[in-house]
2 protein chains.
Amino acid sequence: MSTAELNADLTAKARIRQVALELFALNGADATSMRAISSRAGVTVGLITHHFGTKAGLIQAVEDDIIDGIQRAIAYKPSDANVDGVVRALDQRLMDHVDENPLVVAYLRRMMLIETNGEGTDITERFTRMALDQIEDLRSRGIASTSREAEDQVMQVMLVQLGQVLLQPFLQHIAGHLDRDPEQYRLSLRKTKN
Amino acid sequence: MSTAELNADLTAKARIRQVALELFALNGADATSMRAISSRAGVTVGLITHHFGTKAGLIQAVEDDIIDGIQRAIAYKPSDANVDGVVRALDQRLMDHVDENPLVVAYLRRMMLIETNGEGTDITERFTRMALDQIEDLRSRGIASTSREAEDQVMQVMLVQLGQVLLQPFLQHIAGHLDRDPEQYRLSLRKTKN
DNA sequence: CGGTATATTGTACAACCATATAGTCCACGT
DNA sequence: ACGTGGACTATATGGTTGTACAATATACCG
């Protein structure tokens, strides 16, 4: 069953955005034609341009959607205040969101690792700024550890957590070839002080 | 000065392969037209098809060249026998080769992290097998440590060394945004034993 | 010298692309 | 009842792509 059929209840605009994310994540935006999107979404090409103007506009809309989703996922929730390690709770909710949205991850992998200077707004920059804002917000509420610099905490999240997620297919691929259990291997970050 | 001018002494066939690697590494093979290659190499499109048949043939030739280069770089050299840590010497030569061939790295990054099931032969598989063969060759000569399993040594090389190289632009990008020194951060591998 | 393989060119073509535009249908407010 | 605007379709256009192919130049070998 196709994605379009599964989501026939969504509005055409939302269906287009969803199919676009799916194809962008799988094959990249450049390699995805508006024809492919339209046929999978069960609409005509013209409707895409009607709703999003140009292909660049569609890409922008998809990325805004991704950022919004993450923003919502890591927003401060009062329940977090109870947990002793607040940053850990933040990380956990980010990882949960990531687990639930594999297409988002595939898209981010492409944009963050390869097309670092893509056409749209730099999504790595938006992500980094979002993480930094979040950490600083938690600090201003007095509920995040200040034993380390905020920037180092962000580096930790971006490189170890996100890095592990982004490298996951690579790791699994190699582990599969060597008959190793990919779960056994975890990245960590060493900071050389000088 | 363009690549074609810099290498005007090479045969046209070699020039085509070199320009192709350059453009493939920068923009990906799909996004690179044979016309772009031909104009940069100072030849016509027809000559490319004459030498390599199809675009897929050109990609294959480029990848074979990359693998050959790495194969040569990590081939056993008697001088390695003197060094106490042989695996370390192997790693070092791989890293040197990587430093000297940034275009190869960019191409590998694309193929290993994103297009894991690309059109050509799986380059991650070729790389992994090559590393494993190399380790086992060194072991059969009795000049590589056998305190760890060979497969774990390969995982170490692939994930930590190569992983660091593949993630480098990502790391630099983030570090730049946070006014951090990217050199301070190093990945390492934890193996959970269970 | 002659001839044959190889290197190289120029062009043509069918498929596909993003985009623009004109037109149809329908819901909804007044 | 009407007309206005948004959702949607159909079609046309100009450009780019990979590939095929015939023609020409160049080098090499007997």
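Each chain gets a letter, A, B and so on, in the order the sequences are listed, and its residues count up from 1. Remember, it's a predicted structure, so these values are computed and weren't measured experimentally.
Around the CZ atom of B/Arg141, the shell of radius 6.0 Å holds more than 12 heavy atoms that belong to other residues, nucleotides or ligands. By the neighbour-count criterion of 12 heavy atoms within 6.0 Å, atom CZ of B/Arg148 is densely surrounded, having more than that number from other residues, nucleotides or ligands.
One interatomic measurement links the two molecules: CG of A/Leu47 to P of C/dT24, which rounds to 18 Å at whole-angstrom precision. In this structure, A/Ile48 atom CD1 and C/dT19 atom C1' are separated by 12 Å, rounded to whole Å. The separation between B/His50 atom NE2 and D/dA23 atom C1' is 13 Å, rounded to whole Å. Rounded to whole Å, the distance from CZ on B/Arg15 to C1' on C/dT8 is 11 Å. Following rounding to the nearest Å, B/Phe52 (CZ) and C/dT8 (P) show an atom-to-atom distance of 11 Å. Taking atom CE of residue A/Met34 and atom P of nucleotide C/dC16, one finds them 17 Å apart after rounding to whole Å. Put simply, CD1 on A/Ile16 is 11 Å from P on D/dA7, counting in whole angstrom units. Nucleotide D/dG18 holds its P atom 12 Å from the CG atom of B/Leu23, rounded to whole Å.
Close to D/dC8, at under 4.0 Å from its OP1 or OP2, lies a side-chain N or O of A/His51. Between A/Arg35 and the phosphate of C/dC17, there is a side-chain N or O to OP1/OP2 separation shorter than 4.0 Å.
At a threshold of 4.0 angstrom between heavy atoms, the contacts of B/Val43 are confined to the sugar-phosphate backbone, with no base atom among them. B/Thr44 comes within contact range of at least one nucleobase, with a heavy-atom separation under 4.0 Å. Heavy atoms of A/Thr32 sit under 4.0 angstrom from primed sugar atoms or phosphate atoms, though from no base atom.
A side-chain donor-acceptor contact under 3.5 Å links B/Arg109 to the backbone of B/Leu166. Within the 3.5 Å criterion, the main-chain N or O of B/Gln164 finds no donor-acceptor partner in the side chain of B/Arg186.
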request  = Could you give me the CA-CA distance, side-chain angles and deciding distance for A/Asp96 and A/Gln92, then say whether side-chain hydrogen bond (donor to acceptor under 3.5 Å, both in side chains) is met?
outcome  = CA-CA 6 Å; A/Asp96 288 347; A/Gln92 189 54 52; 3.0 Å; yes
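Minimum atom distance to the side chain of B/Ala12 is reached by C/dT8, of the listed C/dT8, C/dT19, D/dA7. Looking at the side chain of B/Ser33, the nearest of the listed nucleotides C/dT8, D/dG18, D/dA7 is D/dG18.
Nearer the 5' end of DNA chain C, as judged by each residue's closest nucleotide, is the contact made by B/Lys13, out of B/Lys13 and B/Val45.
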